[in-house]
Amino acid sequence: MNLFDQLRTAVLAALDTMEADGVLPPGLDRAAVTVEPPRDPAHGDMATNAAMVLAKPAGLPPRTIAEALAARMAADPRIASADVAGPGFLNLRLAPSVWQSHVSDILHAGAGYGRSSSGKGRSVNVEFVSANPTGPMHVGHVRGAVVGDALSNLLAFAGWRVTREYYINDGGAQVDVLARSAYERYREANGLSPEIREGLYPGDYLIPVGEALKAKYGDSLLNRPEGDWLADVREFATEMMMAMIRDDLAALGVSMDVYSSEKALYGTGKIEAALAQLREQGLIYEGVLTPPKGKTPEDWEPREQTLFRSTAHGDDVDRPVMKSDGGWTYFAPDIAYHYDKVQRGFDELIDIFGADHGGYVKRMKAAVSALSGGRVPLDIKLIQLVKLWKNGEPFKMSKRAGTFVTLRDVVEMAGADVTRFIMLTRKNDVALDFDFAKVLEQSKDNPVFYVQYANARVHSVLRKAAEAGVDVSDQALMDADYTKLSHPAELALIAKLAEWPRLVDIAARSNEPHRVAFYLYELASDFHGFWNRGNDEPSLRFVHDDSATTQAKIALARCTGVVIRSGLAILGVTPVEEMR
RNA sequence: GGCCCCGUAGCUCAGGGGAUAGAGCGGCCGCCUCCUAAGCGGCAGGUCGGAGGUUCGAAUCCUCCCGGGGUCACCA
């Protein structure tokens, strides 16, 4: 339980006594009572809205309630002052001893500080990337990969059991195109000139596939009808593409727990089973769709299809699951795939999609709602575009693929750490500019270096103190005399650190890993500010002649480092201990 | 036209129904005999796209409108 929860518990207990004393009528709903840090730190360490929330149901003026509550809260030894303010806020200032002992809490928890149990061990499946296995990952995949991975880290830190999953789209026409493209490279490897016709994939990355095909098949596939080789070449090429994609992901520091295959759903009865499940609920029928409202495509022709009644679960129109030629639409295996995830027992599903899949959200949620009987929530995060820039101009170029910028290009130019951090400096539903010049700049314009620099400074003073002969081992710091941390600036920094567990909970609850990046930036800013106050007030420096004082001050720096490290771990960014 | 997302300082963006709406960049003024100045402090800059509504209280929730982007049945 974090400090804010502890104080909320204290407030609720005080409300109990007020109820027992007849100050408040019994049975008031307190769900809306919050204890939060006030926006303006001058108001105190924490503020509660209890009086305002309860005023109306209690039939009492808010300030009357607030004052009675203030009197009771003031009796708590943890509370230094309790003041009624504004329309009925109760502002609480905590005793220095509360903050001082919090330093000890942070050091004892170490890397686990901020770890939460709010997930309660529930299981969540995070599906992300799921790029078609037809080539290397391109820049459009990077952001989704980073967001999915960081979100997974975040949820794990918040007490969820997390499965990272990649859905391989190896069942559609695009893998046939891959096979034909690879076949041309195979012909090339056999000394023939390839015919990269319109519609085939032209990228150089298929040349090694052609060579590998030659190594395996020699010339035995040459001059044979497509039907003889398509399936084998398709499987071979798909596997090589997936190996390449795995490498790409690894370069970005992402590793999946599970790879699921679309193709594996066909011919196994899984699609049929999922649809049977829907059919039982009366959600599958033969029908004719009406054209989109207000805009009829020119080639529109009514056709009878097998439809999923997604409108029964919140969609705007029903959706086809079968083409008029009797084949499945892409939606059908997707339904089966999500049914599989439901059957595997996950308590929650999360899909990370590109923003161009926005039209797909309602039908997928409808399917999961129907297939799980409303048990399993599905959250879909749409990832907006990343615009690449270099020297003020849009950046387009690839060494490997010719037509698009690859994930490799980005990682090689910017580095995995920088790439990951920058991708998390925006909400997922806002477009993001990625400027190679800017993200490599080593200044405070660049949040990555700003945060790294703060951590480096932490380690700098640790080294300095050690050189001066002070024992700054974690054990020694845990035994330090924290009463030496009494300056308001010191207590304020501890207060910022104390927000970390609360932030983890908030970010995890909303599935928003970018909040971690923003918090780290704020924490770094507070630390840099604190650091520079040491210029004017030597008492605020970390290293002193007296080793007991040094240990207490260093403990504060150490705590900052603990939180930065822990936050960076969630983002998947390597902490730096020294700037070079 | 339907649906989804976005609209907050000159620019790029934060902001779980709370108090006087924040940060960075850009502009102006300051701070290194002192732990990393790759940093810090201060000043200037706002009809939170608009109008209604819910609420003790709205940038935040609801409705409508305006502007920008995405998307719209036998492609995944």
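It should be emphasised that the depicted structure is a prediction, and the values quoted were computed from it without experimental measurement. When reading the values below, keep in mind they use all heavy atoms of this one structure, side chains included, and skip hydrogens, waters and symmetry mates. So that the names make sense, note that chain A is the first sequence line, chain B the second, and so on, each numbered from 1.
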A/Asp526: what forms a side chain to side chain contact (heavy atoms under 4.5 Å, CB included) with it, not counting sequence neighbours? A/Leu493, A/Lys496

Please give the distance between the C1' atoms of B/rC40 and B/rA21 as a whole number of Å. 24 Å

What residues form a salt bridge (charged side-chain N to carboxylate O under 4.0 Å, His left out) with A/Glu36, not counting sequence neighbours? A/Arg502

Would one find a side-chain N or O of A/Lys323 under 4.0 angstrom from OP1 or OP2 of B/rC75? yes

Could you tell me which residues satisfy side chain to side chain donor-acceptor pair (under 3.5 Å) with A/Ser539, sequence neighbours excluded, listed by chain and number? none

Salt-bridge present (A/Arg533, A/Glu490; N to O < 4.0 Å): no

Could you give the CE-to-P distance, from A/Met46 to B/rG18, as a whole number of Å? 17 Å

Say you pick atom P in B/rC56 and the same atom in B/rG16; how far apart are they, in whole Å? 23 Å

Just to verify, what does A/Pro377 make a side chain to side chain contact (heavy atoms under 4.5 Å, CB included) with, not counting sequence neighbours? A/Glu348

Tell me every residue that passes side chain to side chain contact (heavy atoms under 4.5 Å, CB included) with A/Gln442, counting only those two or more places apart in sequence or in another chain. A/Phe449

Sorted by chain and residue number, the side chain to side chain donor-acceptor pair (under 3.5 Å) partners of A/Ser310 (sequence neighbours excluded) come out as A/Asp315

Base, sugar-phosphate alone, or nothing: which one does A/Pro38 contact when heavy atoms must sit under 4.0 Å apart? base

Quote, to the nearest angstrom, the P distance that separates B/rU33 from B/rC28. 24 Å

Side-chain atoms of A/Asn49 come closest, of B/rG18, B/rC5, B/rA14, to B/rG18

Do A/Asp170 and A/Thr238 meet the criterion of a side-chain donor-acceptor pair at a distance under 3.5 Å? no

Using the side chain to side chain donor-acceptor pair (under 3.5 Å) rule, collect all pairs that involve residues 458-471 of chain A, keeping only residues at least two apart or in two chains. A/Asp471-A/Ser473

Whole Å only: how far is the CD atom of A/Glu301 from the P atom of B/rA73? 13 Å

5' to 3', nucleotides 29-41 of chain B under a 4.0 Å protein heavy-atom cut-off (B base, S sugar-phosphate only, - none) gives -----BBBSBBS-

Rounded to whole angstrom units, what separation is found between the NZ atom of A/Lys438 and the P atom of B/rC11? 14 Å

Hey, what do you get for CZ (A/Arg541) to CG (A/Asn535), rounding to the nearest 0.5 Å? 6.5 Å

Using the P atom as the point on both nucleotides, what is the distance between B/rG69 and B/rG30, in whole Å? 45 Å

If you write RNA chain B from 5' to 3' in dot-bracket form, with Watson-Crick or G-U pairs under 3.5 Å, [ ] for crossing pairs and | for pairs with another strand, what do you get? (((((((..((((....[...)))).(((((.......))))).....(((((..]....))))))))))))....

Work out how far the P atom of B/rC3 is from that of B/rC43, and round it to whole angstrom. 47 Å

Could you give the CZ-to-C1' distance, from A/Arg8 to B/rG16, as a whole number of Å? 13 Å

Value in whole Å for how far the C1' atom of B/rC13 lies from CZ of A/Phe421: 14 Å

Using the P atom as the reference point in each nucleotide, state the distance between B/rG10 and B/rG50 in Å, no decimals. 14 Å

For A/Trp389 and B/rU12, what is the distance between atoms CH2 and P respectively, to the nearest whole Å? 11 Å

A/Lys341 bridged to A/Glu127 by N-O distance under 4.0 Å: yes

Looking at residues at least two apart in the chain, or sitting in another chain, which of them share a side chain to side chain contact (heavy atoms under 4.5 Å, CB included) with A/Leu382? A/Phe353, A/Val361, A/Ile380

Separation of atom CD1 in A/Ile422 from atom C1' in B/rC13, rounded to whole Å: 13 Å

Distance-only criterion, 3.5 Å: show the donor-acceptor pairs between side-chain atoms of residues 429-439 of chain A and protein atoms not counting sequence neighbours.
residue	atom	partner	partner atom	Å
A/Asp433	OD1	A/Trp389	NE1	3.1
A/Asp435	OD1	A/Ala437	N	2.9
A/Asp435	OD1	A/Lys438	N	3.4

Which letters describe nucleotides 60-72 of chain B, given B = protein heavy atom under 4.0 Å from base, S = only from sugar-phosphate, - = neither? ----------SSB

Please measure how far the C1' atom in B/rU55 lies from the corresponding atom in B/rU71, and state the result in whole Å. 36 Å

What distance, rounded to whole Å, do you find between the two P atoms, one in B/rU12 and one in B/rG49? 14 Å

Kindly indicate whether the side chain of A/Arg303 and the base of B/rA73 share any N or O donor-acceptor pair separated by less than 3.5 Å? yes

To the nearest angstrom, the CG-P distance between A/Asp176 and B/rC75 comes to 13 Å

Looking at A/Lys56, I'd like to know whether one of its side-chain N or O atoms comes within less than 4.0 Å of OP1 or OP2 on B/rG57. no

